[in-house]
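Counting starts at 1 for both ligands and their atoms, following the listed order. Being a predicted model, the structure only gives us computed values, none of them experimental. Each residue takes its place number in the sequence, starting with 1.
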Amino acid sequence: MRVCVVGGGGREHGLAVALGRTADVVVTPGNPGIPGSVATPPEEIDADLFVVGPEQPLVDGLADRLRATGRLVFGPGADGAQVEGSKGYMKELAADADLPTARFGSFDDLDAAVAFLETLPGLYVVKTDGLAAGKGVLVTESLAEAIDDVRAKLSGDAFGAAGRRVVIEEGLTGPEASVFLVCDGERAVALPPAQDYKRVGDGDTGPNTGGMGAWSPFAAEPPDLAGVAVDRFALPTLAALRARGIDYRGVLYAGLMLTPEGPKLIEYNIRFGDPDSQVVLLRLTSDLAALLASAASGDLTGADPVTVDPDPAVLVVAAAEGYPSSPRTGDVIEGLDAARAVEGVEVLCAGVGLDDQGRLVTAGGRVLDVVGRGPDIAAARDRAYAALAEISWPGRHHRTDIAR
Ligand code: AMP
Ligand code: GLY
């Protein structure tokens, strides 16, 4: 099978490695660190299966355009992509499907928003309705700060059009989990859960990022989380989507909060998580290309069960100076070969480019994903950090407490 992966970050590198075990893989546009990268647009590529990585092309209807020309695509159409493209849509869907989730309201008017905030018990969450690259969420114990944030978002000053409608939620507490649900429109298969580290600094301090590290399995993982994610979240969600006329074939990424009352949905994304899916994808031993092709064809009934290597995977992101606020680009990356020579280690390329001398340089905030695997968490973590110590560029930073 020939598979075309669309996208060009660490997630797509992880997908390419996992799919490449059983398929020929081409990645568009990819990046200079992902083997098989081509500049050809997806519409002009000949492949048996298209796997779309990021949310934006899905929101923009790439899956619809490819399907219209008879291609087999893993990824929802623009209709299903609203699940991530609008937080308000996602919350209404969650209500229709009766999913356990935080109490919420959706507002474009300041007074109504403030009145709702005043009814919440003391942990306030304010989100932009539209896509804000993972940066549009405030979680605070201060009502005054929440109100200021609503005002800034609604005014359009903070996030432009994405913020002119806000979703306000009751704050939930507990460890978070990421579960990737491979969906065929009606049925779902869960991949093993993972957990990511969203704050930039050790001990979960500093601003939110797209993710600074991940591990699978993770310490707080309840034994049947994958089963609960299918039965209590994915299946009712797919039914609610079908009731809206949406045939959702792609991944539903459930961001769950493991609260004292059980898992609750924080959000759905319509794509694999980055970097949380990389630790899952690298552990898979079953045929990912066949699984995603079955889902894309609308029939997971005959798919082989998902199997994984029991060895844990620990991923540490090496970030550029200034990430997340203003990452510096163009720094030469050294030590990649030495890092890759560490036993049990894979290094995935996320935000990388080439300079005019053909050297690999930083080209984004999250530059490399260093993944260690080993017989236990400690071994996997030690390998990841040993490999990371081989890599350098000016201003590189990372968290030192991943999987600790
Ligand atoms: P989101 O963009 O919806 O994934 O939110 C980003 C992060 O904000 C999540 O990973 C959580 O850490 C936090 N968050 C979002 N919603 C809530 C909530 N209702 N309660 C507590 N934390 C939340
Ligand atoms: N790692 C979080 C995300 O992909 O949204």
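Side chains of Asn269 and Glu267: a donor on one and an acceptor on the other come within 3.5 Å. Between the side chains of Asp79 and Tyr248, no donor-acceptor pair is found at a separation under 3.5 Å. No side-chain donor-acceptor contact under 3.5 Å links His13 and Arg11. For Ser106 and Arg165, the side-chain atoms include at least one donor-acceptor pair closer than 3.5 Å. When only modelled atom types and interatomic distance are considered, Thr285 and Asp309 share no side-chain donor-acceptor pair under 3.5 Å.
Distances from atom 13 (C) of ligand 1 to the heavy atoms of Val167, Val125, Val139, Thr173 put Val139 nearest.
The atoms of ligand 2 that sit less than 4.0 Å from any heavy atom of Gly210 are 1 (N), 2 (C). Ligand 1 places these atoms under 4.0 Å from at least one heavy atom of Lys87: 1 (P), 2 (O), 3 (O). Remark: ligand 1 atoms within the under-4.0 Å shell around heavy atoms of Met257 are 21 (C), 22 (N). Of all atoms in ligand 1, numbered sequentially from 1 with element shown, those under 4.0 Å from a heavy atom of Lys127 are 3 (O), 15 (C), 16 (N). Those atoms of ligand 2 with a heavy atom of Asp196 less than 4.0 angstrom away are 1 (N), 2 (C). Of all atoms in ligand 1, listed by their number and element, those nearer than 4.0 Å to a heavy atom of Val137 are 1 (P), 2 (O), 5 (O), 6 (C), 8 (O). Residue Lys198 has at least one heavy-atom neighbour below 4.0 Å for each of these atoms of ligand 1: 10 (O). Taking every heavy atom of Gly273 and a limit of under 4.0 angstrom, the matching atoms of ligand 2 come to 4 (O).
A heavy-atom separation below 4.0 Å is found between Gly171 and ligand 1.
Because its NZ or CZ atom is both nearer than 6.0 Å to the ring centre of Tyr385 and within 45° of the ring axis, Arg404 counts as a cation-pi partner of that residue. Within the cation-pi definition used here (under 6.0 Å to the ring centroid, within 45° of the axis), Arg244 qualifies as a partner of Tyr89.
In this structure, Lys91 NZ and Ile168 CD1 are separated by 12.0 Å, a value rounded to the nearest 0.5 Å.
Counting heavy-atom neighbours within 6.0 Å of Asp46 CG, excluding the residue itself, gives a total of 12 or less.
Polar contact with ligand 2: present for Arg271 (N/O pair, distance under 3.5 Å). In terms of N/O distances under 3.5 Å, ligand 2 is not approached by Phe272. Between Leu172 and ligand 1, at least one pair of N/O atoms sits closer than 3.5 Å. Residue contacts with ligand 2: Lys198 is placed with no nitrogen or oxygen under 3.5 Å of a nitrogen or oxygen of the ligand (distance criterion only). Annotation: Glu169 places an N or O atom under 3.5 Å from an N or O atom of ligand 1; distance criterion only.
Of the heavy atoms in Glu170, only backbone atoms (N, CA, C, O) come closer than 4.0 Å to ligand 1.
In this view, Asp382 satisfies the side chain to side chain contact (heavy atoms under 4.5 Å, CB included) rule with no residue, not counting sequence neighbours.
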